[in-house]
Amino acid sequence: MSRIEKAKGFKHSKPGLWLSIGTSAFGAITIYKDVKKAKTDNDTLKLINALVGAAALITGTALLVRELRQLGDDDVLLG
């Protein structure tokens with residue numbers, strides 16, 4: 001198996017999914033700062049942009065969690 005194939009497989013492994021969820025947490029910090037700045041500047045368009053980004057982050061994290069659960073369901077040892 002080549003390095004590229006291993007890297008592609010990591011994305012759908014448990015450690016890869018946990019890493020993606022952790023990365024999403026850092027994205028949440030950025031979105032929080034964007035919302036705070038938009039409220040301070042009283043900029044509705046920036047606030048809408050930050051809220052749409054938050055919705056995308058929540059949806060993406062939910063998809064990662066679902067995939068993580070499905071990996072657990074496929075594991076014979078977990079029952």
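In what follows, residues are counted from 1 in the order of the sequence shown.
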The remaining residues in the hydrophobic cluster of Tyr32, counting side-chain heavy-atom contacts under 4.5 Å among Ile, Leu, Val, Met, Phe, Trp and Tyr, are none
Those residues at least two apart in sequence (or on a different chain) that pass salt bridge (charged side-chain N to carboxylate O under 4.0 Å, His left out) with Lys39 are none
Distance check, rounded to the nearest 0.5 Å: Leu17 atom CG versus Gln70 atom CD? 10.0 Å
Residues two or more places apart in sequence or in another chain: which of them pass side-chain hydrogen bond (donor to acceptor under 3.5 Å, both in side chains) with Lys37? Asp41
Could you work out the complete set of other residues in the hydrophobic cluster of Phe26, with links drawn between I, L, V, M, F, W and Y side chains under 4.5 Å apart? Ile29
Shortest non-hydrogen contact from Leu71 to Lys14? CD1-N, 3.9 Å
Nearest 0.5 Å, what's the CG-NZ distance between Asp34 and Lys36? 12.0 Å
Exercise answer: donor-acceptor pairs, residues 42-63 side-chain atoms, under 3.5 Å, sequence neighbours excluded:
from  : atom 1 : to    : atom 2 : distance (Å)
Asp43 : OD1    : Leu45 : N      : 3.2
Asp43 : OD1    : Lys46 : N      : 3.4
Thr59 : OG1    : Ala55 : O      : 2.8
Thr61 : OG1    : Leu57 : O      : 2.9

